[in-house]
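Here you go, one structure.
Labels below follow one simple rule: chain letters A, B, ... track the order of the sequence lines, proteins then strands, and each chain is numbered from 1.
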2 protein chains.
Amino acid sequence: MTNTKVGNATNANFPVDDDGVVYHLGVARDGLAPRVLTVGDYGRAEKLRDKLLDANTKVTTTQHRGFHIHTGTYKGVRVSIVSIGMGTPMMDFLVREGRFVGVGPMAIVRYGTCGSLRDVPVGSLAIAKDCVLIRRNPDHWHPAAAAAGDVKPYDISLPWEGDSELISKLTDAFKTEIPDRKVIVGTNATADSFYSSQGRQDSNFDDHNQDLIDQILKRYPEASTLEMESFQLYHMAARSIAVPIKAAAATIILANRIDNTFLDNDTKVKLEVEGGRACLEALIKIDL
Amino acid sequence: MTNTKVGNATNANFPVDDDGVVYHLGVARDGLAPRVLTVGDYGRAEKLRDKLLDANTKVTTTQHRGFHIHTGTYKGVRVSIVSIGMGTPMMDFLVREGRFVGVGPMAIVRYGTCGSLRDVPVGSLAIAKDCVLIRRNPDHWHPAAAAAGDVKPYDISLPWEGDSELISKLTDAFKTEIPDRKVIVGTNATADSFYSSQGRQDSNFDDHNQDLIDQILKRYPEASTLEMESFQLYHMAARSIAVPIKAAAATIILANRIDNTFLDNDTKVKLEVEGGRACLEALIKIDL
């Protein structure tokens with residue numbers, strides 16, 4: 001398919017073109033199924049479309065501005081598989097514009113990759129019962145910060161929970177679809193950087209983050225994973241006041257931040273498809 | 001070109017594979033030129049490569065994880081044109097991993113699109129002398145927030161400046177290359193959402209942002225533009241303690257938030273190329 005070209009928009013508050021196409025997602029009303037599986041990696045979304053959606057139902061409706069939307073049916077139920085790239089702003093676009101074009105109640109499951117803060121091997125799977133947000137506070141480094149008082153380099157937010165029923169169905173589906181893998185359920189910490197606000201040490205920058213992981217674990221002993229998107233899904237779903245959004249998030253543990261190991265690519269590819277199937281199972285079983 | 005496939009990484013702190021390829025940008029040492037022009041839109045980067053880089057020097061070295069890197073020469077000087085998608089986390093990847101694979105001092109110019117807070121027409125151009133960051137603080141909405149005291153819904157940061165010499169060269173280049181357009185120099189406000197933290201009104205969510213633009217203008221009367229990436233470039237360039245990074249940022253004013261107008265697509269396309277040429281002119285004139 002060719003890229004969707006969004007035409008001229010006419011409203012700076014919420015840009016939509018004459019065909020009702022939202023500016024970033026590139027789809028119009030009902031251009032997203034009410035049941036959405038979202039991943040970060042563009043290749044992963046294509047793989048899941050090719051391997052999991054019912055034959056002759058698959059259509060890629062947009063590849064625009066970093067959002068690729070593939071819609072079809074899974075066991076006869078309409079679903080969209082959406083890759084969004086990385087970062088909370090990209091998840092924000094999906095939830096905002098997805099809600100704008102969505103029809104009726106929605107369920108969104110994120111399936112991504114993460115680093116682990118627990119003593120579980122890479123290649124295990126994690127489900128977020130809730131998420132906290134770790135944000136770098138740039139004022140800490142500013143020459144005027146002294147005047148502003150003691151500004152901490154990183155802010156750790158209060159937790160937001162996902163939808164308990166969807167999380168329960170997702171946990172069951174993971175255990176059924178991938179019985180040979182460990183599945184942990186805990187708190188996810190979503191960070192606004194892969195580096196500084198996840199406690200990675202980088203001698204090129206002065207990040208003041210040596211004790212950040214300890215701080216996170218002290219405040220949230222159930223913190224299990226670090227990644228870059230899930231918090232925004234849980235928080236925005238909870239703030240959807242007009243029409244309900246049920247949210248759940250799971251991740252492949254790609255890196256272990258305790259023993260500094262990284263999952264091999266072949267195992268990751270295998271888990272992408274097996275876990276993707278589990279997410280679709282949960283999505284078609286939830287009542288909207 | 002086919003997508004770069006990054007192989008097995010072995011270090012969870014800073015994932016790099018056996019060939020020295022960084023995990024997200026998908027390039028190894030010196031895989032990025034010391035002079036970088038970065039844009040958000042993938043199509044814009046390809047257009048600038050095709051129209052502006054010297055013939056027979058163009059190579060697309062990676063399209064991976066939302067980063068597309070095109071390297072070649074402009075008037076004989078090696079430059080990279082990099083599209084990064086949207087959001088501060090994506091800019092953070094570019095600066096972090098770009099610095100990791102970069103050789104020696106670097107200059108990075110961002111050329112993007114923005115909304116305007118000033119009474120200038122859409123299709124004008126803006127250059128950021130400094131940037132502030134607008135972050136949504138989710139604790140404001142949390143049931144436990146009352147216990148935590150008065151938590152504001154949005155945090156507005158202190159300003160970080162770009163490189164004055166590069167900004168000066170960029171301003172000159174814009175006036176020379178696009179003499180028929182208004183060019184304004186002011187403060188950019190980078191937001192962690194296109195919606196809530198830019199003061200857009202969305203009845204699907206309770207954003208508590210009705211007076212946010214007024215607050216920004218009250219604190220920073222020179223605030224001219226709203227977008228999603230430039231702050232991270234200026235802040236991280238300023239915190240690059242090992243090797244210097246000179247940073248500057250310019251934007252096409254796509255939306256006017258005062259009179260609620262939106263630029264037509266044809267004019268945007270024309271300004272993308274003219275402004276891109278101005279950015280490359282500034283990049284090759286700066287001493288590293």
Side-chain angles (χ1 to χ4, degrees), chain A residues 3 7-15 24 41-43 65-66 85-90 92-93 96 99-100 115 133 135 137-139 141-142 144-145 148 157-158 160 192-195 200-207 228 231 235-236 239-243 255-257 260-262 264-265, chain B residues 3 7-15 24 41-43 65-66 85-90 92-93 96 99-100 115 133 135 137-139 141-142 144-145 148 157-158 160 192-195 200-207 228 231 235-236 239-243 255-257 260-262 264-265:
Chain A
N3 284 10
N8 293 324
T10 52
N11 183 334
N13 183 65
F14 208 108
H24 304 89
D41 192 319
Y42 305 103
R65 273 286 189 182
M86 295 181 286
T88 55
M90 296 299 278
D92 191 80
F93 275 114
R96 292 268 175 188
R99 181 64 280 166
F100 188 86
L133 181 65
R135 297 180 301 157
N137 187 344
D139 284 3
W141 286 265
H142 198 281
S157 82
L158 290 162
W160 288 85
D192 61 4
S193 164
F194 185 80
Y195 294 98
R200 287 186 160 90
Q201 303 303 304
D202 179 353
S203 58
N204 286 316
F205 299 89
D206 58 342
D207 292 322
M228 300 181 65
F231 177 90
H235 173 56
M236 293 309 299
R239 305 326 304 157
S240 176
I241 53 174
V243 190
N256 188 311
R257 301 295 304 286
N260 207 24
T261 50
F262 206 92
D264 67 280
N265 206 51
Chain B
N3 283 10
N8 292 327
T10 51
N11 183 335
N13 182 64
F14 208 108
H24 304 89
D41 191 320
Y42 305 105
R65 274 285 188 182
M86 294 179 287
T88 54
M90 296 299 278
D92 191 79
F93 275 115
R96 292 269 175 188
R99 180 64 279 165
F100 189 85
L133 181 65
R135 297 179 303 157
N137 187 345
D139 284 4
W141 287 263
H142 198 281
S157 82
L158 291 163
W160 288 86
D192 62 3
S193 165
F194 185 80
Y195 295 97
R200 287 187 161 90
Q201 303 303 304
D202 180 353
S203 59
N204 286 317
F205 299 89
D206 58 344
D207 291 321
M228 299 180 66
F231 177 90
H235 173 56
M236 293 309 299
R239 304 326 304 158
S240 176
I241 53 173
V243 190
N256 187 311
R257 300 295 304 285
N260 206 26
T261 51
F262 207 92
D264 68 279
N265 208 50

Sort Ser193(B) into side chain, backbone, both or neither according to what part of it lies under 4.5 angstrom from a heavy atom of chain A.
-> both
Report yes if some heavy atom in the side chain of Ile241(A) is under 4.5 Å from a heavy atom in the side chain of Asn204(B); otherwise report no.
-> no
Which answer fits Asn137(B), side chain, backbone, both or neither, if we ask what part of it has an atom under 4.5 Å from a heavy atom of chain A?
-> both
Name the option with the most non-hydrogen atom pairs under 4.5 Å to chain A; the candidates are Asp139(B), Thr261(B), Asp264(B), Asp41(B).
-> Asp139(B)
Could you tell me whether the side chain of His235(B) reaches within less than 4.5 Å of the side chain of Pro138(A), counting heavy atoms only?
-> yes
Part of Ser203(B) lying under 4.5 Å from any heavy atom of chain A | backbone
Would you say the side chain of Pro89(A) lies within less than 4.5 Å of the side chain of Met228(B), judging by non-hydrogen atoms?
-> yes
Is there a side-chain contact between Tyr195(A) and Met236(B), using heavy atoms and a 4.5 Å cut-off?
-> no
Would you say Arg200(A) and Phe14(B) make side-chain contact, with heavy atoms under 4.5 Å?
-> no
Top of Asn256(A), Thr88(A), Asp207(A), Leu133(A) for chain B proximity - count of heavy-atom pairs under 4.5 angstrom | Asp207(A)
Test salt bridge (Lys or Arg N to Asp or Glu O under 4.0 Å) on Arg239(A) and Asp202(B) and set out the steps.
-> CA-CA 11 Å; Arg239(A) 305 326 304 157; Asp202(B) 180 353; over 6 Å; no
Is it the side chain or the backbone of Tyr42(B) that comes within 4.5 Å of chain A heavy atoms, both, or neither?
-> side chain
Interface check, chain A: of Asp92(B), Val243(B), Asn13(B), most non-hydrogen pairs under 4.5 Å belong to Asn13(B)
Of all of Phe93(B), Phe262(B), Phe205(B), which one pairs up most often with chain A through heavy atoms under 4.5 Å apart?
-> Phe205(B)
Does the side chain of Phe194(B) reach to within under 4.5 Å of the side chain of Arg96(A), using non-hydrogen atoms?
-> no
Kindly give the heavy-atom pair with the smallest separation between Met86(B) and Met90(A), and that separation in Å.
-> O-SD, 3.8 Å
